[in-house]
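Read through the structure below, which is laid out as structure tokens, and then see the notes.
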Amino acid sequence: MESDGEDTPPPAAARACGAGHRASHSLPTSAGGRVCLSCAAALLSSAASAPSHHVSHALAALSLALADPAFLAPLRAAHPRLLAAPLAEALAAAAARRDAALAAQASDLAADLAAAVGAPAASDLVARVARALSSGSLVKHLHTLHCLGILLNSTKDAAAYIGDKQSLYLNLVNNLRLPRFIPLHIDTFLALRITLSDSIINLFWYSDEIRGEILFVLYKLSLLNATPWDDICDNDNVDLSAIGRSLLQFSLEVLLKTQNDDVRLNCVALLLTLAKKGAFDILLLSDPSLISSAEAEDNVPLNDSLIILFADAVKGSLLSTNIEVQTGTLELIFHFLSSDANIFVLKTLIDQNVADYVFEVLRLSGNNDPLVISSIQVLSILANSEERFKEKLAIAVSTLLPVLHYVSEIPFHPVQSQVLRLVCISIVNCSGILSLSQEEQIACTLSAILRRHGNGELGMSSETFALVCSMLVEILKLPSADDIQKLPSFIVEASKHAISLTFSHEYDCLFLTPHSLLLLKEALIFCLEGNKDQILRKKVLEDSIIETCETYLLPWLESAIVDGNDEETLSGILQIFQIILSRASDNKSFKFAEMLASSSWFSLSFGFMGLFPTDHVKSAVYLVISSIVDKVLGISYGETIRDACIYLPPDPAELMYLLGQCSSEDFNLASCQCAILVILYVCSFYNERLAADNQILASVEQYILLNGAKFPHEIPGSLMLTLLVHLYAFVRGISFRFGIPHSPEAEKTLFHAMAHKEWDLLLIRVHLIALKWLFQNEELMEPLSFHLLNFCKIFCEDRIVTLSSSTQLVDIQMIAELVYSGETCISSLLVSLLSQMIKESAEDEVLSVVNVITEILVTFPCTSDQFMSCGIVDALGSIYLSLCSSRIKSLLDCFNSSLAYTSNEQEWKILIGILCLILNHSANKVLIEPAKAIILNNCLVLLMDGIVQEACAKGPSLFQHNQETTFGELLILMLLLIFFSLRSLQAILEASIDWQEFLQYSDDTESSSVLGIPCHDLCRLMHFGPSPVKLIASQCLLELLNRISDQRSCLNAELRCSAKYLKSIIAVTEGMVFDQDSRVAENCGACLTVILGWERFGSREKAVVRESKWSRLILEEFAVALTAPGLTSKSFSNQQKIAANIALSLLQLSQVPDWLTSLFSDSLISGIVANLSARNVTAEIVTLFSELMAKNYLNQEHIAGLHNLFQVCRRQAYEGGGGSKAQPSEQKADAARSSDDVRALLFGMMLEQRACSGATVEMEQQRLLREIDSFFFQESSLREQNSVK
């Protein structure tokens, strides 16, 4: 053989072979031998006639040599093409001889040679093998086809080496259609084998393998763009349609019949590649002439046989266990459906149940991502035929739910939106198929998508967001939505995240806002519909939506004025607000209206109308305003705005202009003016101004002047006139503050209308400024007195005081505040009304006015000065002397000895409270006669004695009867009545009362004729009673002892009680000095101090005082406390005062006890002085040391130490006194509405009077300074005396 044109000189050591071939063709091997390429080529070329084993041996030797670098290097360098042609001939010869083993060996060697040598050998092999396969039957060329497939797969630009691509391609296509045979039993086949030719037998055994190899070669040619469709210009004489039809039909037949996954894989790969090239699009139509109009016509005839064949062929591959086959088949279906003819193909595929197979693949996919993606892509296209597909979807919807959960957890999953769309179709079209648990599962998954995206855990496309919102909307519309238990909680989360994502300033998501707003709107409608139980169950959702509106939508609206956002979003938000205002519960809609109005809503509204000057926006804005007005005014004033909406201008300046016009002949203008008045009036409650105050006042006055003769025109007169009065009063009240001039004529016109036309002060919500201005005008006293009397009647009938500002109708709180301000004439007007009603003998009206005055006094006690200056005392006195006296007496008659004081009736307890209030006022020399009637009432005295005796009889068990028990509550009220009666006795019966009567046992003398409790009974109550009883009884005992002491000092009277009696009182008070309640301890310490002061009156008192042992214990404890560290606590300060006062009383006795002298030793006094500091020095301590110094208990060291300490105290007092002094604040007491309130009110009054009897902080400081000065003066005097001596 020649050297293939190679001139490379052979190695020096090379020798010719035995056949005489060139020495250069003899290539060495690593083992030391040589291989003659010419001999090998000659043998391979004659493979058709040479013995097979010779050829096989040569192929094996060459295969081994190719793996040897010593052989391969010279072969690649000098003879790269030498073996290609002989090897191709050997392969063809082996195929012709049907020697499968030899053909396989030759095929493998050809592949190895191409890989080892490279392009020169590979290109020659491709060309020669392709030429061998370009004609004739390929039944016997299984390995030849396999070899070509390997070469095409491994050789770069392999298609370029194929000489006749068209012939090769057509022959491959033709050989796909192998003869078809009737299936035979194996025994029959073996019996016939002797009569069948070898070629026919091969058809049975090799048809599947050959088809697979042909398909693989066709697939590779398609990838290498070596098909007729890739070279159309050079194939003018080729019928591409016929080729394509044959290829499609033959391939589909192979795919239909084969059970080999490798064949399926090759077939699917080929079809998929050609489908991407669009080679089969034209074949799907029966008439090719219709292709040009395929997109315009819906009823183009299909090549049904091919479509049905395609549908049948892919079913087997879809059920394959090979994932690659399944994935490839799904991609093939997807590209077929994605072609220009998809609208014709998908209906047939659905009818052929391909969708069922795809759903089955999806069900068994195990969330294999490629399978899921391919399946969903196919189903998404099939879903375009909704009528046919929804029947399949109804059956297979349960398959989609796990897939939905899977793709929802992967950020930006490729088919996330397609899965959502399929599930959405099932929700819309298959609602009856979905179970409640499935619907709940879908809602849960959708909510989780929004939650994770909102938390930054999961990305999401805009399409996904829109679909999630749409699906949730569809779920809310389902008839079974109310039966989904957890749906409200899912919607709460989803709606909140959807709105926060689209309305956050961090993102520009305006194109998504319609979807989130639609979700919020449907969620709102959902939670407001249904029966009461359903609505109650959805309360949390309603609250969440309202909160979302406040948190996100309202701030967005506020920014819309600046940023100029889109009109569609504004309309959507206004629609949601309108639903809340018109359909939510009264309480929630009112709070929402208040929130909007408090957020400058009216200014925002006119800003919206200026930003979007369309009728739609104007109507929506005025509709929301009218709904707000309905809520805040409490009646349908918003109807006036709705009626005039189409005529109202969007500019506030134009509103002011319209208000100042004459509307006597124009009903539409009158309607507009009424609406404007309503808007202006509502704005007044929220500090909003649609124009300057002077401009509003001018417009309102112009309206009054021009329309005063006949206003409001054709509008319910009392409603609008009331509103006009309130609005004018408010504007005048504001203008008065800023000195804005007004029109006297307009004022006169309105006052005339108020006097002669029907209006109602109590009808609608009123601003406190307006009410204040009205009650400041003397000209309005007559009409206002009528309305004030009506208010008193209403208050008396309802017995309810409206203190909340939720409606701000004229209520008792507003009236009380105006009286408290002292800037109105309400107090004089009430007193005048009271006097007038008394003269007219209108008992019910009198009680109504009295109740109102009482409520004002309870709320603001300091207003009593105003009422007294207006003559309330004379009016109340006349009540008692006239027809009202019988009412008070009848109340007292109710207290008889047979009264069941264990009753729970509120009236009796409140009645006791009324009596206490009367007695409390009588201490100030008013209501003298009613107080006398109470104190001297025999039935009340007997009742009191019975209650006290029963309480004392209970002994230690009395401690269990606190204010929570019926008896304990009544006992506390009666003790409070005693306390106020003791203070009243001093004021009204001072000259005739013998206070020592309270020091007697009840069985010693006749029962007292006045209301009171003896001291020994008070001591029993103090000893056994619960804490409130101890406090009130100790306060009463202190009051009695002070009165007795004062009277004895004045009259120099002897003590009429026994020494034993006095000892018992001392014992109780001494023991109570250590009570846990500091107030009780202070009272008892004060009582003990008073009794110790009686020592100067007589020998009996001296004997009793000297025998007291507890005083020593008290002072010893006091001494220990004064020398102990840490003297700053408030409790110590209180105990210090008590003990200091007792010690002072003992030191002032005519004969100081010996133990007291030994107690106040030098060492003790030194310890006390060393432990004191400026922070814990009190006036009582200074007084005590002054007395000790006077009694010579102090030495010079003590006096010097105390002098320095008191100097520091005085300096600190002077330095702290220069600052601002705290002004006493007026406490606004709540009105009493129950027996608990009555008891709390009376208890507070008692404590207040107890505090008033003591010193204020400033007075205490002044007293401390006086005592220090006294100490210094006494020290100076003592020093002078010592110097004289």
Side-chain angles (χ1 to χ4, degrees), residues 935 940-959 961 967-968 971-972 974-979 981-982 985 993-1048 1053-1073 1075 1080-1081 1083-1095 1097-1098 1100-1101 1103-1105 1107-1111:
I935 292 174
L940 192 57
V941 172
L942 293 176
L943 174 64
M944 176 61 68
D945 289 342
I947 294 174
V948 171
Q949 293 308 315
E950 181 174 346
C952 293
K954 292 182 181 292
S957 64
L958 180 62
F959 187 78
H961 294 272
F967 180 79
L971 176 61
I972 291 172
M974 295 304 286
L975 284 175
L976 287 168
L977 182 63
I978 293 298
F979 171 77
S981 70
L982 291 176
L985 277 172
I993 189 71
D994 183 4
W995 291 103
Q996 288 205 53
E997 288 184 1
F998 291 96
L999 288 175
Q1000 302 295 329
Y1001 285 105
S1002 58
D1003 54 356
D1004 292 342
T1005 61
E1006 296 181 359
S1007 297
S1008 175
S1009 59
V1010 297
L1011 191 61
I1013 302 177
C1015 293
H1016 55 272
D1017 287 336
L1018 289 173
C1019 289
R1020 290 191 183 100
L1021 295 177
M1022 288 166 53
H1023 185 69
F1024 295 116
S1027 181
V1029 172
K1030 289 179 186 293
L1031 178 57
I1032 304 172
S1034 63
Q1035 191 70 37
C1036 291
L1037 180 62
L1038 178 60
E1039 191 77 24
L1040 277 175
L1041 293 178
N1042 281 327
R1043 298 288 173 258
I1044 294 171
S1045 184
D1046 292 342
Q1047 192 175 56
R1048 291 189 65 194
E1054 295 184 0
L1055 187 67
R1056 295 205 299 270
C1057 68
S1058 64
K1060 182 179 179 182
Y1061 187 95
L1062 188 59
K1063 287 180 182 180
S1064 64
I1065 297 177
I1066 294 175
V1068 172
T1069 54
E1070 285 179 333
M1072 299 295 289
V1073 167
D1075 194 83
V1080 175
N1083 289 339
C1084 292
C1087 291
L1088 188 57
T1089 302
V1090 171
I1091 295 175
L1092 290 175
W1094 291 356
E1095 185 255 0
F1097 287 116
R1100 187 190 310 172
E1101 291 88 338
V1104 171
V1105 170
E1107 293 177 5
S1108 174
K1109 305 300 182 184
W1110 276 89
S1111 297

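This one's a predicted model, so the numbers in the text were calculated from it and none came from an experiment. Worth knowing before you read on, the calculation uses all heavy atoms, side chains too, and leaves out hydrogens, waters and symmetry mates. In what follows, residues are counted from 1 in the order of the sequence shown.
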Does the side chain of [X] reach to within under 4.5 Å of the side chain of [Y], using non-hydrogen atoms?
{"X": "D1046", "Y": "W995", "value": "no"}
{"X": "L971", "Y": "H961", "value": "no"}
{"X": "C1084", "Y": "L1088", "value": "no"}
{"X": "D1017", "Y": "L1021", "value": "no"}
{"X": "I1065", "Y": "L999", "value": "yes"}
{"X": "M944", "Y": "I1013", "value": "yes"}
{"X": "L1031", "Y": "N1083", "value": "yes"}

Short side-chain to backbone donor-acceptor contact, S1045 and N1042, under 3.5 Å: no

Looking only at atom types and distance, does a side-chain atom of K1030 sit under 3.5 Å from a main-chain N or O of V1080, one as donor and one as acceptor? no

How far apart are the closest heavy atoms of [X] and [Y], and which atoms are they?
{"X": "A1033", "Y": "L1018", "answer": "CB-O, 3.9 Å"}
{"X": "A1081", "Y": "V1073", "answer": "CB-O, 3.2 Å"}
{"X": "Y1061", "Y": "F998", "answer": "OH-O, 3.7 Å"}

Roughly how far apart are [X] [atom1] and [Y] [atom2], rounded to 0.5 Å?
{"X": "I1091", "Y": "T1069", "atom1": "CD1", "atom2": "OG1", "answer": "5.0 Å"}
{"X": "I1066", "Y": "W1094", "atom1": "CD1", "atom2": "CH2", "answer": "8.5 Å"}
{"X": "C1036", "Y": "I978", "atom1": "SG", "atom2": "CD1", "answer": "7.0 Å"}
{"X": "H1016", "Y": "C1057", "atom1": "NE2", "atom2": "SG", "answer": "11.0 Å"}
{"X": "R1020", "Y": "S1064", "atom1": "CZ", "atom2": "OG", "answer": "8.5 Å"}
{"X": "L1038", "Y": "L982", "atom1": "CG", "atom2": "CG", "answer": "11.0 Å"}

Report yes or no: is the cationic atom of K954 (NZ for Lys, CZ for Arg) closer than 6.0 Å to the six-membered ring centre of F967, at no more than 45° off its axis? yes

